[in-house]
Asks: 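I have a structure here, written as structure tokens, and I will follow up with some questions on it.
In this chain, numbering begins with 1 at the start of the sequence shown. Since this is a predicted model, take the numbers as computed values, not measurements.
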Amino acid sequence: METSRRTVIAAAAAAGLTAATTGTAHASGGKKPVRELFGKLADGTKVHRWSLENGGTRLKVLSYGGIVQSLEIPDRHGRYENVSLGFDNIEDYVAKTPYFGALIGRYGNRIAKGQFTLDGTNYQLSVNDGVNSLHGGAKGFDKHVWDVEGFASGSDVGLVLHYTSIDGEMGYPGTLRAKVTYTLTRHGDWRIDYEATTDKATVVNLTSHVYWNLAGEGSGSIYDHELEIAASRYTPVDSGLIPTGELAKVAGTPFDFRRSKTVGRDIRVAHQQLLYGKGIDHNWVLDKGITSRPEHVATLRDPSSGRSLSIASNEPGLQFYSGNFLDGTLVGTGGHIYRQGDALCLETQHFPDSPNHPSFPSTVLRPGQTYRTSTVHSFGA
């Protein structure tokens, strides 16, 4: 019988074990997050790192891009590892663009040719992925310093992050006021609540771009991780990774994760969609659709460590990216080189290129409305 993570944490706490970076688990209370200087941008702007811990989960977040610089959880024996990819200095986050751990906006994923029409007006966005716009353009939300406040409320601890995107930034209409709340619960769950308002009709699709390796960052391939996604369909793409508009069945394809299977089992099958993505870089159409509250959408497990990640969201889509473009040129926080398949992303979202597909769930936000969405990450061992 698999030992639950709460059992591991409780046992470690009872034994009076002390937590170190690669030490053993312990239960923690709701202490307010701690801020420290992480570095400075070229113009002298300070970038701070916030450290918070609760329920056996440890999280470090940068004010630059709302980036999750590290997320540490225990394995089945209570031993901690950082399970998210990242850098140990601000210079690499600024100079290199893998979106490690970042908040993504104003529009997560791709918009074809960086163009869309809204209320009869055509908009041209910043193009930064061939002819397409990716993750908000050349200077998306991941490349700005956010205002951050720490909090401790009851048994929860967390951060509230604010960023205002002015009208016309990266080509998007309307001044968008974004608020993102990171919460660590007493059970060690990491919850993200996104909110946004606008003074002009616009499109918005916020998400988080954490690269997961439950065996520990820099430990090697995630192809032996086991993944389950609660989706019977996905959105096929063209050679530029733009959805064709079809909602295709996963049955009989490498994209069928309705039952848990290893990430690497079918990743080298000769399928045109895998050739386009150089692996998996696709949006799954979640069976649950849009829901009022977060519902289960995916489970990831590393058999070697016993660590697991369960994701719940009220979003209709999940982008699964298998780390195809990690090319051995990046050195991570642990001093290891990141190579193809060394991590994966599971980004809760609306569908890519939705502004150009009327049949997709709408991403339009209008004045007087509030954009709200939530995703919960629960960890086990």
Asks: Could you walk me through whether His48 and Lys46 pass the side chain to side chain contact (heavy atoms under 4.5 Å, CB included) test, one step at a time?
Replies: CA-CA 6 Å; His48 292 98; Lys46 293 180 179 179; 4.0 Å; yes
Asks: Between Arg191 and Asp189, is there a salt bridge with N-O shorter than 4.0 Å?
Replies: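 Salt bridge between Asp189 and Arg191, a charged N being under 4.0 Å from a carboxylate O: no.
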Asks: Could you walk me through whether Asn314 and Thr291 satisfy the side-chain hydrogen bond (donor to acceptor under 3.5 Å, both in side chains) test, starting with their C-alpha distance in whole Å, then the side-chain angles of each, then the deciding distance to 0.1 Å, before giving a yes or no?
Replies: CA-CA 5 Å; Asn314 53 10; Thr291 49; 5.7 Å; no
Asks: Is there a donor-acceptor contact under 3.5 Å linking the side chains of Thr244 and Asp238?
Replies: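 Absent: no donor and acceptor within the cut-off.
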Asks: CD of Gln124: more than 12 outside heavy atoms within 6.0 angstrom?
Replies: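 Yes.
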Asks: Salt-bridged, Arg186 to Asp156, with N to O below 4.0 Å?
Replies: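 No, this pair does not count.
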Asks: Quick one: side chain to side chain donor-acceptor pair (under 3.5 Å) partners of Ser63, sequence neighbours excluded?
Replies: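 None.
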Asks: Please examine the side chains of Phe379 and Leu71, heavy atoms only from C-beta on, and report whether any two atoms are closer than 4.5 Å.
Replies: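 Answer yes - side chains close enough.
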Asks: For the rings on Tyr338 and Phe100, is their centre-to-centre separation under 6.0 Å?
Replies: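 Yes, the ring of Tyr338 comes within the 6.0 Å limit of the ring of Phe100, centre to centre.
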Asks: Got a sec, which residues hit side chain to side chain donor-acceptor pair (under 3.5 Å) with Asp342, two or more places apart in sequence or on another chain?
Replies: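 If we apply the side chain to side chain donor-acceptor pair (under 3.5 Å) test to Asp342, skipping adjacent residues, there are no hits.
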Asks: Under a single-linkage definition using a 4.5 Å side-chain heavy-atom cutoff for Ile, Leu, Val, Met, Phe, Trp and Tyr, are Tyr211 and Ile73 assigned to the same hydrophobic cluster?
Replies: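 No, Tyr211 does not connect to Ile73 through the hydrophobic network.
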Asks: The criterion is salt bridge (Lys or Arg N to Asp or Glu O under 4.0 Å); which residues satisfy it with Lys288, sequence neighbours excluded?
Replies: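 With sequence neighbours excluded, Lys288 shows a salt bridge (Lys or Arg N to Asp or Glu O under 4.0 Å) to no residue whatsoever.
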Asks: So among His350, Gln319, Glu347, which one has a side-chain hydrogen bond (donor to acceptor under 3.5 Å, both in side chains) with Asn109?
Replies: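 Result: among His350, Gln319, Glu347, Gln319 is the only option passing the side-chain hydrogen bond (donor to acceptor under 3.5 Å, both in side chains) with Asn109.
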Asks: Is the shortest heavy-atom distance from the side chain of Arg339 to the side chain of Leu326 under 4.5 Å?
Replies: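 The answer is no, as the side chains (C-beta and beyond) never meet within the 4.5 Å cut-off.
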Asks: Please confirm whether the ring centroid of Phe320 lies under 6.0 Å from the ring centroid of Phe257.
Replies: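 Yes, the ring centres sit under 6.0 Å apart.
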Asks: List the residues meeting side chain to side chain contact (heavy atoms under 4.5 Å, CB included) with Lys96, not counting sequence neighbours, and say none if there are none.
Replies: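 Applying side chain to side chain contact (heavy atoms under 4.5 Å, CB included) to Lys96 gives Phe87, Asp92, Pro98, Leu330.
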Asks: So, using side chain to side chain donor-acceptor pair (under 3.5 Å) as the criterion, who are the partners of Thr235 when residues are at least two apart?
Replies: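 Residues passing side chain to side chain donor-acceptor pair (under 3.5 Å) with Thr235: Asn283.
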Asks: Would you say the ring centers of Phe141 and Tyr163 fall short of 6.0 Å from each other?
Replies: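 That pair passes the under 6.0 Å test.
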Asks: Test His135 against Tyr99 for ring-ring contact (aromatic ring centres under 6.0 Å, His included), laying out the working first.
Replies: CA-CA 9 Å; His135 294 332; Tyr99 303 101; 4.7 Å; yes
Asks: With sequence neighbours excluded, give me every side-chain hydrogen bond (donor to acceptor under 3.5 Å, both in side chains) pair touching residues 262-272.
Replies: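 Residue pairs passing side-chain hydrogen bond (donor to acceptor under 3.5 Å, both in side chains), neighbours aside: Lys261-Asp266.
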Asks: Check the surroundings of atom NZ in Lys113: do more than 12 heavy atoms from other residues, nucleotides or ligands lie under 6.0 Å from it?
Replies: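 Open.
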